[in-house]
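Structure first, then comments.
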Amino acid sequence: MVRARSGVTVTRGRKRTRKLTKGFRASRHNLYRQSLVTLIRSRVYAFRDRRVRKREFRALWITRINAAARANGLSYSRLMNGLSRAQIEVDRKVLADIAVFDQEGFAALAAVAKEALEAA
């Protein structure tokens, strides 16, 4: 039987890999074996960091809400407790947006939360 050689199919695959690693440094973008390892690793990072991004944004929102809450005389946990007792369901993303762009609206929410805490 005839020996199979690295023909069009293999060359096409290598070309595709090199195209995907465009922009990587040094030999990581033009040497096939190294570019393949780097590409796999980059996809692992991308998979992991899609989840990490969600954690980082939640932490950022909580930091912003806490800063605005303390400016209104509450801590983050007391604000969230007061809002839940007042049966106001606002997610942290929207609450952080209100805290940054609408201080008066956030102050009104903080006042409602204070009243709900005092009533309980």
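In this chain, numbering begins with 1 at the start of the sequence shown. Computed from a prediction, not measured in an experiment: that's the story for all the values here.
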Is [Y] reachable from [X] through a run of I, L, V, M, F, W or Y residues, each pair having side-chain heavy atoms under 4.5 Å apart?
| X | Y | answer |
| --- | --- | --- |
| Val90 | Ile62 | yes |
| Leu31 | Ile40 | no |
| Leu39 | Tyr45 | no |
| Phe24 | Leu20 | no |

Residue list, side-chain hydrogen bond (donor to acceptor under 3.5 Å, both in side chains) with [X], at least two apart or on another chain:
| X | value |
| --- | --- |
| Arg85 | Asn81 |
| Arg92 | Tyr76 |
| Arg70 | Asn66 |

key: Working for side-chain contact (heavy atoms from CB on, under 4.5 Å), residues Ser35 and Arg28   = CA-CA 5 Å; Ser35 67; Arg28 290 171 175 255; 5.8 Å; no

query = Going through the distances and angles, do Leu95 and Met80 end up as a side-chain contact (heavy atoms from CB on, under 4.5 Å)?
reply = CA-CA 10 Å; Leu95 202 56; Met80 296 308 280; 3.8 Å; yes

query = From Ile65 CD1 over to Leu60 CG, what is the distance, rounded to the nearest 0.5 angstrom?
reply =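 Going from CD1 on Ile65 over to CG on Leu60, the span is 9.5 Å.
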
Which pairs would a plain distance check flag for residues 46-56, meaning a side-chain donor or acceptor within less than 3.5 Å of a matching protein atom at least two apart in sequence or in another chain?
| residue | atom | partner | partner atom | Å |
| --- | --- | --- | --- | --- |
| Arg51 | NH1 | Phe47 | O | 2.9 |
| Lys54 | NZ | Arg50 | O | 2.9 |

Can you give the donor-acceptor pairs under 3.5 Å from side chains of residues 96-120 to other protein atoms, not counting sequence neighbours?
| residue | atom | partner | partner atom | Å |
| --- | --- | --- | --- | --- |
| Asp102 | OD1 | Gly105 | N | 3.3 |
| Gln103 | NE2 | Val100 | O | 3.1 |
| Lys114 | NZ | Asn72 | O | 2.9 |

N/O donor to acceptor pairs below 3.5 angstrom from side-chain atoms of residues 11-18, sequence neighbours left out:
| residue | atom | partner | partner atom | Å |
| --- | --- | --- | --- | --- |
| Thr11 | OG1 | Gly7 | O | 2.8 |
| Thr17 | OG1 | Gly13 | O | 3.1 |
| Arg18 | NE | Asn30 | O | 3.0 |

